Amino acid sequence: MFALFAYVYWSTASFVRSRSDGVIAAAHAVLRQAYDTGGRGGLTAAIAQRSADDRSEGGFYLLADPSFAPVAGNLEIWPPALKDAGGWSNFSARDGQPGAADAPLLRGKSETLPDGYHLLVGRNIDDLEEFAQKIRAALVWAIALTFVIGAFASVFVTRRTVGRIEAINTTSRAIMQSGLGERIPLRGTRDEWDQLAENLNQMLDRIEGLMGEVKQVTDNVAHDLRTPLARMRGRLEKAHARPRDGEHDQSLIGDTMADLDAVLRMFASLTRISQIEANDRIAGFRPVDLADIAREVVELFDAAAEEKGGHLGVVADRQVLVTGDRDLLFDAVANLVDNAIKHGREAGAVTVEVSQDDTGTVVSVADDGPGIPADECQHVFKRFYRLERSRRTPGNGLGLSLVAAVARLHGATIEMADNAPGLKFRLRFPSADAPWLAEPDRTGT
Amino acid sequence: MAGGRRRVLVIEDDPETAEQLVESLSTSGYQVDLAVNGDEGLDRGRSADYAVMTIDRMLPGIDGIAVIRRLREDGIVTPALIISALGEIDDRVRGLRAGGDDYLVKPFAFAELLARVEALARRSATVVKETVLRVGDLELDLVSRTVQRGGREIELLPREFQVLEYLVRNEGQVVPRAMLLQHVWDLHFDPTTNIIDVYVGRVRRKVDGQQAYPLIHTVRGVGFCIRAPG
């Protein structure tokens, strides 16, 4: 800023000076021309005329004889400092101006004429200096003012910043002490601070949502574990009170083991889902053929569909490669097919279809059963969620959560659509040329 | 199988689990040595020739994976079954990478443990190349991929043949569902549905339907077993 001010000062002052020098040079040239054309007489006349005219504008003219005695002009003496040198110089001289207390500062151009006389043309540059001084003063004031405003502004901004940080701190402390209900207040200014506060608030919303889900899951786990455990306990308690009876005991132990297995399977599903959600399987991703997986799943579940008197079909002719984890993709498709067979129409048809186009790859599993009521659609991917009418079919409500987790891991989306009649699930994988799918080897599976 | 091949080393620190392991393996005809911590396991593993060892993943002192790694460094190739309560996929991978041969997650059915130990013990024995497998009056021709029972041909899909072949190759042993899934479908997870049961059920209908006696048996909570009566 100082550099800028210095430049402004310097360029303004030098511009004014060069203009002043230009005026002097022009006047000098005119007088010199008068001398050249009219001789000393013409010059004297011109000087006299100019002295009369230009007096008020600060022009000084002096013609002196070879011994520097003034001949014509409005300066009383030839400035002693100019006696030796020609050309440009600054000097102080008394100009005989009435009321002038000090000798004004002049700048002039002097020349020795061919006849030995001396010509001096000058201007009062007191005004100029004054002007420069004014600029200097203005600049100094500007700098001082900038400092003052800057100081005020920085105090203001700092206090504001500290205030906002303090607001965030206060909220953080409140959250640590009393829970996730608190939010950072917004000022409605839409500035960076508000954006930060908004982002933090959204993060808190997300955390609160996740905590809620975790709590929901924990509650559900507790409930779903308690039910079979209570059943087992009751059974054992009754058996304990009864005399031993080989055949009865045998079936009791068998039932209890089956219940325990169900509990363990539920645990296995839960840990599987959380492992998948931890994303550490991405490292093992390989190119896999979805069509191949679909055919194998259909082959595996064909027996199950047959058992229900239904039909399970597959439309997957050509190879459709995605990068992923074969076990997980198999499990996900298997879960969808399992659901479709279980919850579809008795003796209904289930179709698995794999297709690929520019926008990506889709695996769809469709049944012709009763479908899912629209208001329950959003819940089916939640852990342990089961439709009211499905309570009696086997399952633990974790299948679709697992499918959703596998889909997320693969960057795929899962959609539900009305198959009119029935339900259609679509696993939509991003286009194979998506950058994260780049895989040097696309031959093996 | 030779007597020396049936010796099993159990490395397990929990007394009750150790007792159950020793008991069930002994009942199945194995001679069982028990080591209750990693150091003892290392000593025993180095000193004797075992058919199989089972190693708990979490042990006081040296942990299970380190035990296997050190034994492998010493050139001891005894098949090792890692038993873990952790069950995370990367833990399984770490265990297998350290030189473990199979992995079983607690809690497990003892039938499954026995099946896996048996599979590992057989792995170290010589594999006889056969082209025809027989159980009772069931006959599998591995070359023509055909199945006959009592001289009558049974139509099986290729995958169904594989299932039957795996069961027959493990005749008399319980084959856990997960092992079947692993060897026939090359899938490495425990199915959360009863799909394997349904699939094997269809194979069973084809093999055992309208026959004098059943060959394929379901072992509740574990898997399947093929055996001739008597």
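In the text below, chain A, chain B and the rest are named by the order of the sequence lines, each starting its count at 1. Owing to the predicted nature of the structure, the values given are computational and were not obtained by experimental measurement.
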Within a radius of less than 6.0 Å around CD of B:Glu23, do more than 12 heavy atoms belonging to other residues, nucleotides or ligands occur? no
Which heavy-atom pair separates B:Val198 from A:Ala303 by the least distance, and what is that distance? CG1-C, 3.6 Å
Does atom CZ of B:Phe110 have more than 12 heavy-atom neighbours from other groups under 6.0 Å away? yes
Let me know if A:Ala258 has heavy atoms under 4.5 Å from chain B in its side chain, its backbone, both or neither. side chain
Report which part of B:Asp186 has an atom under 4.5 Å of a heavy atom belonging to chain A: side chain, backbone, both, or neither. both
Counting heavy-atom pairs under 4.5 Å to chain B, which of A:Glu299, A:Glu296, A:Glu306 comes out on top? A:Glu299
Would one find more than 12 heavy atoms of other residues, nucleotides or ligands at under 6.0 Å from atom CZ of B:Arg152? no
Just one of A:Asp327, A:Val297, A:Leu300 clears the side chain to side chain contact (heavy atoms under 4.5 Å, CB included) bar with B:Trp185, so which one? A:Leu300
Highest number of heavy-atom pairs under 4.5 Å with chain B: which of A:Ile341, A:Leu260, A:Asp255? A:Asp255
Just wondering, more than 12 heavy atoms not from B:Glu155 lying within 6.0 Å of its CD? no
Please determine whether the number of non-hydrogen atoms from other residues, nucleotides or ligands lying under 6.0 Å from atom CZ of A:Arg226 exceeds 12. no
